[in-house]
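Following: one structure in structure tokens, then a few remarks.
Both backbone and side-chain heavy atoms feed into the values below; hydrogens, waters and symmetry mates do not. In the text below, chain A, chain B and the rest are named by the order of the sequence lines, each starting its count at 1. Every value quoted in this text rests on a predicted model; they were computed, and no experiment measured them.
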Amino acid sequence: GESVGLHLPTLSVQEGDNSIINCAYSNSASDYFIWYKQESGKGPQFIIDIRSNMDKRQGQRVTVLLNKTVKHLSLQIAATQPGDSAVYFCAENNAGNNRKLIWGLGTSLAVNP
Amino acid sequence: GAGVSQTPSNKVTEKGKYVELRCDPISGHTALYWYRQSLGQGPEFLIYFQGTGAADDSGLPNDRFFAVRPEGSVSTLKIQRTERGDSAVYLCASSLTGADTQYFGPGTRLTVL
């Protein structure tokens, strides 16, 4: 399944399928991007990050793709599991001397067993 | 401790009261951040500490909000004359330095009646 985070904030997939969560970021000068997972009642949990000098980075079952030309970020989750159900946020670093993160709206992922 | 801890986990107060929210960062992390998250939204940056000093407090909404980190470890977010609009989850994060991944605590849910 695939979503555009800003237009379809809820993504529902079957267990075992691959998920793609999309994010459009705002600042062309941002140089660092992070995906966080947030379960209900918990703080955001770091998943994976990528710097602007890369266009792809892989982790365990997750891949982040960065397209700087169109300011687009995606998170791919392979073989989605029920434990992946959560809200996923992309965040960008506000380029400059400070390190505050600017967050997207979030996409809710629901995994059906 | 293994991660960022925040106390209390829940705080209910009356309009006009003063509250303090505490954050214990990961041991050795020099950078500490406070965010505020409303239901269904991504976290909103409030303030960033590097060591004992506030390196960026541009996200504090007004002068009722203040934060300290006197010894460069534990931080307290203080809110005076609370208003109903202050109700939110207040998240704390820490990172090894200001250039590293931010790790979040579970948050304090503040409800102002």
Side-chain angles (χ1 to χ4, degrees), chain A residues 5-11 21-27 30-54 57 59 62 64 73 75 86-110, chain B residues 1-10 21 23-26 29-51 53-60 67 88-109 111:
Chain A
L6 294 178
H7 302 289
L8 295 173
T10 302
L11 174 64
I21 301 172
N22 296 298
C23 178
Y25 64 91
S26 57
N27 188 345
S30 292
D31 58 3
Y32 179 58
F33 306 88
I34 315 99
W35 281 100
Y36 281 91
K37 169 187 179 183
Q38 187 172 27
E39 297 172 277
S40 181
K42 297 184 178 180
Q45 175 188 356
F46 172 84
I47 302 174
I48 191 168
D49 58 3
I50 188 168
R51 297 197 178 272
S52 59
N53 60 351
M54 303 173 68
R57 191 168 187 215
V62 295
V64 55
L73 197 67
L75 176 70
V87 176
Y88 289 79
F89 290 98
C90 66
E92 61 185 293
N93 169 240
N94 185 14
N97 292 326
N98 61 63
R99 304 303 296 188
K100 65 186 181 185
L101 298 176
I102 306 299
W103 296 68
L105 293 178
T107 297
S108 177
L109 175 65
Chain B
V4 178
S5 62
Q6 292 185 246
T7 54
S9 55
N10 281 283
L21 311 179
C23 172
D24 281 83
I26 294 172
H29 281 195
T30 64
L32 185 145
Y33 311 78
W34 283 99
Y35 292 84
R36 178 168 69 175
Q37 187 175 29
S38 299
L39 190 63
Q41 304 292 319
E44 171 193 7
F45 170 82
L46 295 177
I47 187 170
Y48 154 54
F49 285 90
Q50 182 60 248
D56 184 349
D57 64 357
S58 62
L60 295 178
V89 174
Y90 288 81
L91 293 164
C92 177
S94 71
S95 61
L96 186 60
T97 72
D100 296 297
T101 302
Q102 296 181 28
Y103 295 94
F104 283 79
T108 293
R109 181 175 297 279
T111 303

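For the ring-ring contact (aromatic ring centres under 6.0 Å, His included) test with B/Phe104, the passing option among A/Phe46, A/Trp103, A/Phe89 is A/Trp103; the others fail.
In this structure, the portion of B/Ser58 lying under 4.5 Å from any heavy atom of chain A is its side chain and not its backbone. Contacts between A/Gln45 and chain B at a heavy-atom distance below 4.5 Å are absent for every atom of the residue.
When each of B/Pro43, B/Ala93, B/Gly107, B/Gly105 is scored by its heavy-atom pairs under 4.5 Å with chain A, the top score falls to B/Pro43. Of all the listed residues (B/Gln102, B/Gln50, B/Gln6, B/Glu44), the one sharing the greatest number of non-hydrogen pairs under 4.5 Å with chain A is B/Gln102.
Closest heavy-atom contact between A/Gly43 and B/Leu91: CA-CD2, 4.0 Å.
Under the 4.5 Å side-chain criterion, counting only non-hydrogen atoms from C-beta, B/Thr101 is in contact with A/Tyr32. A heavy-atom distance below 4.5 Å is found between the side chains of A/Leu101 and B/Tyr35.
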